[in-house]
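Worksheet: the structure to be examined is printed underneath.
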Amino acid sequence: MADHSEQTCRRVDGGISRVFELFGKRWTGPIVSVLLQRPVHFAELRRAIPGISERMLSDRLTELGAAGLVIREVDEGPPLRVAYRLTEAGAAMEPALKELGQWADTYLAESEPGTGC
């Protein structure tokens, strides 16, 4: 017989909690999605994600870097340019993100990206 006590029902899987703590933040998924294609310079990444501010992009990239999913690479140039690429751990998100995208195509109504409209 299944345990339906209040304590058991409140427990959430720790892995799912950690994933959504990071990927539940606005812009994280789109950033990783762009970086799955190839390493990208900061300005290109910002153009690829309509509506994201420079500060928010910088903050999210810092968080992804701290989580071990993104690496920041400086090209001394000239001109000095900064590119971002996924680590092995970041690239390993691809199958899960593709599945989520397919699920969204099937079950979620379409809206204009970044607007919720």
Table please: side-chain donor-acceptor pairs of residues 90-97 below 3.5 Å, with sequence neighbours left out.
| residue | atom | partner | partner atom | Å |
| --- | --- | --- | --- | --- |
| E94 | OE2 | K98 | NZ | 3.4 |

Apply the test side chain to side chain contact (heavy atoms under 4.5 Å, CB included) to residues E73 and D75: give CA-CA distance (whole Å), side-chain angles for both, the deciding distance (0.1 Å), then the verdict.
-> CA-CA 7 Å; E73 298 174 324; D75 176 11; over 6 Å; no

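- The shortest non-hydrogen separation linking H41 to A83 is CD2-CB, 3.8 Å.
- Here the closest heavy-atom approach between residue L45 and residue V40 is recorded as N-CG1, 3.4 Å.
- The nearest pair of heavy atoms linking S33 to Q37 is O-NE2, 3.7 Å.
- Between the CD1 atom of I71 and the CZ atom of R85 there is a distance of 3.5 Å, given to the nearest 0.5 Å.
- Pairing each heavy atom of G68 with each of A89, the nearest pair is O-CB, 3.9 Å.
- The structure places CG of L64 at 8.0 Å from CG of L35, a figure rounded to the nearest 0.5 Å.
- Applying the side chain to side chain donor-acceptor pair (under 3.5 Å) rule to pairs touching residues 60-70 yields K25-E63, R60-E63, sequence neighbours excluded.
- Within the model, atoms CD1 of I52 and CD of E54 stand 10.5 Å from one another, a figure rounded to the nearest 0.5 Å.
- Rounding to the nearest 0.5 angstrom, the gap separating the CD1 atom in I49 from the CD1 atom in I31 is 5.0 Å.
- In the displayed structure, E44 atom CD is contacted under 6.0 Å by more than 12 heavy atoms of other residues, nucleotides or ligands.
- Between L61 and R72 the shortest side-chain heavy-atom distance does not fall below 4.5 Å.
- For the atom pair D13 CG and F20 CZ, the distance stands at 11.0 Å (nearest 0.5 Å).
- In this view, R47 satisfies the side chain to side chain donor-acceptor pair (under 3.5 Å) rule with no residue, not counting sequence neighbours.
- W103 and L36 fall into different hydrophobic clusters, defined by Ile, Leu, Val, Met, Phe, Trp and Tyr side-chain heavy atoms under 4.5 Å apart, directly or through other members.
- Under the 4.5 Å side-chain heavy-atom criterion for Ile, Leu, Val, Met, Phe, Trp and Tyr, V70 and V74 are members of the same hydrophobic cluster.
- Between L100 and F23 there is no side-chain heavy-atom pair separated by less than 4.5 Å.
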